[in-house]
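Along the sequence shown, residues are numbered consecutively beginning with 1.
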Amino acid sequence: MSIATRPNVLFIPNDDLRPMINRWPEPQTLKYKYMMTPNLDKFMDDAILLTNSHVQQAVCSPSRTSVLYGRRPDTTHVYNLYDNTREVGCADCITIPGIFTAAGYITVGMGKIFHDGHASYYDDPNSWTDFNGTTTGKDGWFLGQDDGPGQCQPKADFWPWHEGDISELQASEQGSGLSWRSVNESVVGLCQDSQVREHGLMWMRRLAAAQRSALVNGETPQPFFLAVGLRKPHLPFVAPSSFFDLYPAADTQLAPNPYAPWDMPAVAYASEELQSYSDVAALGFTGAINETLPDWKALELVRAYQAALSFTDSNMGALLNELKVLCLWISTIERCVLMTNDDQ
């Protein structure tokens, strides 16, 4: 029996996920048969799969703003990673979580939902249920620790534009600014997405318990909108070593044609972010059209991206499985448990 009279919603956006999923349907059937994505494979069997849905702009904040506000970038006026649409284009617009809050839902978010910082005033606090500032705003929003050993973001002081010595960066125990890393979570602690996953599971259990308590007391359970934002497989490609083990280095392959199509605009080719990492910068890579990385480095990055994607698949699977453990699967809008992606 459904716990809530209105469906609960679990929303799982992620960052920079290409459709490299084992059972991705036609016209690419078996193209990614080497990918280990059992949870996404299973979810596609249960969900509505949109294979022709495209981002409004292939940049994180403009894309997330467009999705979460339901407006095109030429309405939000957000084209970079800093501007906030409430200042430049859409001051009184309501967001997706805001709609659910206004409808009487308990709304809780964590991880990367909106773009961080000024671009959203730290995830648009007015869009969410207010728990006395403990779950919203700069001090309350849970992001997970992101700058320690093994975490999924490099420590800011170690990024190349701080002009540190690369050999010291690579040897540092605090964070290396490398483009990828295989870590042992039992030694260095949970990666940032693992922390967010655990926080999401804690909140799911708490919200389910509140609904059951309401039923016991003869009250109508309050439905929830729970948003758990995962950062991987965004750069840097950091993931627990078990996910690297899924992809033997000897089996990793590069694209048969690494060069750009004719008449492709320069902005579409390279990532300025990629060459900001110390290991890539050390190679003199500038990101110019048809400039390629050495094969050995490209193979490292392909394998690390695959591992990061399987890491995200595992985290999503943990969240979906907990819905079933808590008997919430039937009462949850499964099509809203979607791996919404921001710029692919």
Working for side chain to side chain donor-acceptor pair (under 3.5 Å), residues Asp41 and Thr37: CA-CA 6 Å; Asp41 294 343; Thr37 54; 3.2 Å; yes
Test item: Ser276 side-chain N/O and Glu273 main-chain N/O as donor-acceptor pair under 3.5 Å: yes
Test item: Asn80 side-chain N/O and Tyr82 main-chain N/O as donor-acceptor pair under 3.5 Å: yes
Donor-acceptor pair, side chain of Asp83 and main chain of Val78, under 3.5 angstrom: no
Test applied, side-chain contact (heavy atoms from CB on, under 4.5 Å); reference residue, Phe237; option that passes from Leu178, Leu301, Leu309: Leu301
Any donor-acceptor N or O pair under 3.5 Å, side chains Glu87, Tyr121: yes
Contacts table for residues 92-104: side-chain donor-acceptor under 3.5 angstrom, sequence neighbours left out:
residue: Thr95; atom: OG1; partner: Gly98; partner atom: N; Å: 3.0
residue: Thr95; atom: OG1; partner: Ser127; partner atom: OG; Å: 2.6
residue: Thr101; atom: OG1; partner: Pro97; partner atom: O; Å: 3.0
residue: Thr101; atom: OG1; partner: Thr107; partner atom: OG1; Å: 2.7
residue: Thr101; atom: OG1; partner: Ser127; partner atom: O; Å: 2.7

Under 3.5 Å: donor-acceptor pair, side chain of Thr85, backbone of Thr76: yes
Asn39 side chain vs Asp313 backbone, donor-acceptor pair below 3.5 Å: yes
Trp329 vs Asn8, side chain to side chain contact (heavy atoms under 4.5 Å, CB included): CA-CA, chis, key distance, verdict: CA-CA 9 Å; Trp329 183 254; Asn8 299 308; over 6 Å; no
Let me have the donor-acceptor pairs involving side chains of residues 238-250, under 3.5 Å, with sequence neighbours excluded, atom names and distances please.
residue: Tyr247; atom: OH; partner: Met36; partner atom: N; Å: 2.9
residue: Tyr247; atom: OH; partner: Ser310; partner atom: OG; Å: 2.5

Validation row: Arg23, Asp45 side chains within 4.5 angstrom (heavy atoms): yes
Test item: Gln306 side-chain N/O and Met35 main-chain N/O as donor-acceptor pair under 3.5 Å: no
Selection residues 273-310 - residue pairs positive for disulfide (SG to SG under 2.5 Å), sequence neighbours left out: none
Side chains of Pro233 and Phe311 in contact at under 4.5 Å (non-hydrogen atoms): no
Worked verdict on Met44 versus Trp24 for side chain to side chain contact (heavy atoms under 4.5 Å, CB included): CA-CA 9 Å; Met44 288 194 302; Trp24 191 255; 4.0 Å; yes
Short side-chain to backbone donor-acceptor contact, Asp193 and Lys232, under 3.5 Å: yes
Ala260 backbone acceptor or donor facing Asn290 side chain under 3.5 Å: yes
Residues Met202, Arg206; criterion side chain to side chain contact (heavy atoms under 4.5 Å, CB included); working and verdict: CA-CA 6 Å; Met202 179 272 291; Arg206 179 182 296 182; 3.4 Å; yes
Contact check, side chains of Trp180 and Asp279, non-hydrogen atoms, under 4.5 Å: yes
Side-chain touch His115/Thr65, heavy atoms, less than 4.5 angstrom: no
Working for side chain to side chain contact (heavy atoms under 4.5 Å, CB included), residues Arg197 and Val228: CA-CA 7 Å; Arg197 175 199 68 221; Val228 184; 5.8 Å; no
All ring-ring contact (aromatic ring centres under 6.0 Å, His included) counterparts of Tyr34, not counting sequence neighbours: none
Leu254: hydrophobic cluster co-members (side-chain, 4.5 Å): Leu299, Val302
Leu274 side chain near Leu293 side chain, heavy-atom distance below 4.5 Å: yes
Exam field: side chain Glu322 to backbone Arg205, donor-acceptor pair closer than 3.5 Å: no
Residue list, ring-ring contact (aromatic ring centres under 6.0 Å, His included) with Tyr259, at least two apart or on another chain: none
Asn22 side-chain N/O to Lys33 backbone N/O, donor-acceptor pair under 3.5 Å: yes
